[in-house]
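All remarks here apply to the structure that follows.
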Amino acid sequence: MKIQIKVIFALLMGVLLVAAGCTNKSQEPKKNEQENRAQTIKKFEIAESKKVTLKNIRGIGYPGNDNALYVAANDGLKMYRDATWYETTANQHDYIGFQAVETGFIASGHPEKGTDLRDPLGLVKSVDKGETLQKLAFYDKANFHFTAASFSGNSIYVINEKQNDDLSLGVNYSTDNGNTWKESTLKDFNADSYGMIAVHPNNGETMAMATRSGIYFSNDYGNTMKLLTDPFMVTALTFSGESILFSSVENEKILLKSLNPVSGEQTVIASPFLDYDNPITYLAVNPKNNNQIAFTTYKNDLYESIDGGQNWKKLLDEK
């Protein structure tokens, strides 16, 4: 924030000149600190990037306030639009738990060094493509690697991995954009681990979770759960309209499938060949166009399809 100070010189100049001899020395360090601080603040822009190399991918998605595929990394946001890569020149935070929503995105993580933000970020939201962050909950208190949200509406889910006074261990949800929270009781959940959560784009009550023993599904904020698949490992999932798009590891093969949560019917979707040691880590479907799909892999490959998986384009190569 820029602070403007107006001084009426005609009346105060004499007083200021006299006082200067007494105050210059004491004010100089503060002035230098302000000047140094101003020099370190980077101007926020979304600039074209000639080369994108990612050390860690933290999440992907299609925010409703932009026409780009967003990639959250440990050094800020990258955007792919019209066959061109872009990146932010400031606010290059280490985002984790990144979730695209209709008005922008929600995330957790660690702030970029040199900013006024405290660590950890808790849950934050941006509606201006990362230029500013709105603090939703748990700022300076917690981070959440597993975060999910409905594309429209105010439902947010987190998996709390550390005991604290504000949130129960395990799965918790909010129906008011992070103001209040409740614990999901997870009745009939029998997996030995938690995993990625996906939320129905228009109905925050409906969620699904990927586990090492299949996909669990709920229509009541995770209070009762139902196993939808055989007990195979699911590494990533997201909603595609009423269906669930997911990736599984079966018989040493990495598969991409669509699942009808009502009938249980599964359909295999053609996808690029991936080595067994390079599973899919994040999946994203554009809620405004379900034919636009993207996924990342453990080795930081990034693929996108604009025709529902019939053809794929490789946007990033593995590190």
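We find that Arg212 and Asp192 are joined by a salt bridge, their nearest charged nitrogen and carboxylate oxygen being less than 4.0 Å apart. Comment: Lys313 does not engage Glu304 in a salt bridge, judged by the lack of any side-chain N to carboxylate O separation of less than 4.0 angstrom. A salt bridge links Lys257 to Glu250: at least one charged side-chain nitrogen sits closer than 4.0 Å to a carboxylate oxygen. Between Glu112 and Lys42, at least one side-chain nitrogen of the basic residue sits less than 4.0 Å from a carboxylate oxygen of the acidic one, meeting the salt-bridge criterion. Here Lys55 does not pair with Asp75 in a salt bridge; the nearest charged N to carboxylate O distance is not below 4.0 Å. By the 4.0 Å N-to-carboxylate-O rule, Lys299 lies too far from Asp275 to be salt-bridged with it. Taking the charged nitrogens against the carboxylate oxygens, Glu48 and Lys50 have no contact shorter than 4.0 Å, which rules out a salt bridge.
Annotation: side chain to side chain contact (heavy atoms under 4.5 Å, CB included) contacts of Ser243 (sequence neighbours excluded): Ser258. Applying the side chain to side chain contact (heavy atoms under 4.5 Å, CB included) rule to Ala270 yields no partners; only residues at least two apart in sequence or on another chain are considered. Listed by chain and number, the residues in a side chain to side chain contact (heavy atoms under 4.5 Å, CB included) with Thr238 are Leu245, Leu283, Val285 (sequence neighbours excluded).
Judged by distance alone, the side chain of Asn286 and the main-chain N or O of Asn290 form no donor-acceptor pair under 3.5 Å. No donor-acceptor distance shorter than 3.5 angstrom exists from the side chain of Thr211 to the backbone of Ala191, with no hydrogens or angles considered.
The six-membered or imidazole ring of Phe189 lies near that of Tyr194, with a centre-to-centre distance under 6.0 Å. Ring centroid separation for the pair Tyr282 and Phe98 does not come in under the 6.0 Å cut-off. Aromatic rings of Trp312 and Phe295 (six-membered ring for Trp) have centroids within the 6.0 Å cut-off, being under it. The aromatic ring centroids of Tyr70 and Tyr80 lie 6.0 Å or more from each other.
Residues Trp85 and Met79 are not in side-chain contact: their nearest non-hydrogen atoms beyond the backbone lie 4.5 Å or more apart.
Following chains of ILVMFWY side-chain contacts shorter than 4.5 Å, one can reach Leu227 starting from Ile197, so the two form part of one hydrophobic cluster.
Checking Thr296, Asp301, Leu69 one by one against Leu315, the side chain to side chain contact (heavy atoms under 4.5 Å, CB included) holds for a single residue, Leu69.
Closest non-hydrogen pair, Phe239 versus Ile244, comes out as CE2-CG1, 3.9 Å.
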**OP:** Test salt bridge (charged side-chain N to carboxylate O under 4.0 Å, His left out) on Lys288 and Glu102 and set out the steps.
**Re:** CA-CA 9 Å; Lys288 297 186 294 186; Glu102 191 170 26; over 6 Å; no

